[in-house]
Amino acid sequence: MAEGSGDRTLPRIAEAFKDLASVVTDSQNAEVKVAPFSHACSLVSPLFGCLGVAFKFAEMDYVAKVHDLAEASKSIQSLQSLIDLDVRGGTVRKGGSHTRNLLRVKRGLDMVRVLFEQILVTEGNSLKDPASKAYDQVFAPHHGWAIRKAVAAGMYVLPTKEQLLKKLNEDEASAKVHMQSYVTASAPLIQYIDKLFVSRDLGIDW
């Protein structure tokens, strides 16, 4: 599978997040750098596009916020520094702050993690159940009625699992390996980001 897989989305995502996971699991005082983090997040962007209209809002929001973090990485080294700068400036919850954008990007990563988990355990060709569970668990609590209703309507025009894998240039066996790899690698990274927020009494439900 290794040959010719360099330009495929899923293996690149799996590899990038494996590298980030090794940073947060190898040391108690791990520092995740903004540059590799934003690069890994940018690799996830095409997935939202592959899911169609139901996740259009997520794609637009996620891509813009990942771009902001990539720009921030030119002057800010680590995720800790990024948050601490906003804490000192009193801008943590301000629209457009790096910290607020980091929280939204983390939610996007978590949605993909739950989506992949659900795809791995769901039989059949429909993505409606996996995508609905992922949305309900991660995004729905933070969305108003209008967005939730629009997403619910979009769930009826999701691609099938087969169509998704074709767009990603994967067969079912290879996709399962890469999806599981992302699920395993993203979990400690998401926990790490949550801890950065909680340890500074910022909360993660806003």
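Any value given below was found using the heavy atoms of this structure, including those in side chains, with hydrogens, waters and symmetry copies removed.
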May I have the step-by-step check of ring pair (Phe, Tyr, Trp, His ring centres under 6.0 Å) for Y62 and F55, ending in yes or no?
CA-CA 10 Å; Y62 179 86; F55 288 93; over 10 Å; no

Shared hydrophobic cluster, L47 / V53 (ILVMFWY, side-chain heavy atoms < 4.5 Å):
no

Pair D86, K94 - check salt bridge (charged side-chain N to carboxylate O under 4.0 Å, His left out), show working.
CA-CA 9 Å; D86 280 344; K94 201 175 166 194; over 6 Å; no

Rounded to the nearest 0.5 Å, how far apart are CG of N125 and CD of E172?
8.5 Å

Tell me whether the rings of F197 and W206 are parallel (<30°), tilted (30 to 60°) or perpendicular (>60°).
tilted

For S132 and D129, what are the C-alpha separation, side-chain angles and deciding distance, and is it a side chain to side chain donor-acceptor pair (under 3.5 Å)?
CA-CA 5 Å; S132 297; D129 273 1; 5.4 Å; no

Does A30 offer a backbone N or O that forms a donor-acceptor pair with the side chain of Y192 under 3.5 Å?
yes

N-O pairing of R113 and D110 below 4.0 Å
yes

Do the rings of F116 and Y182 sit parallel, tilted or perpendicular, given the 30° and 60° boundaries?
perpendicular

Under a 3.5 Å cutoff, is there a donor and acceptor pairing between the side chains of D19 and S22?
no

Establish, from distance only, whether the side-chain atoms of S181 and T184 form a donor-acceptor pair under 3.5 Å.
no

Salt-bridge contact E59-K56 (side-chain N to carboxylate O under 4.0 Å)
yes

Can a donor-acceptor pair be found, under 3.5 Å and without considering hydrogens, that links the side chain of R148 to the backbone of H143?
yes

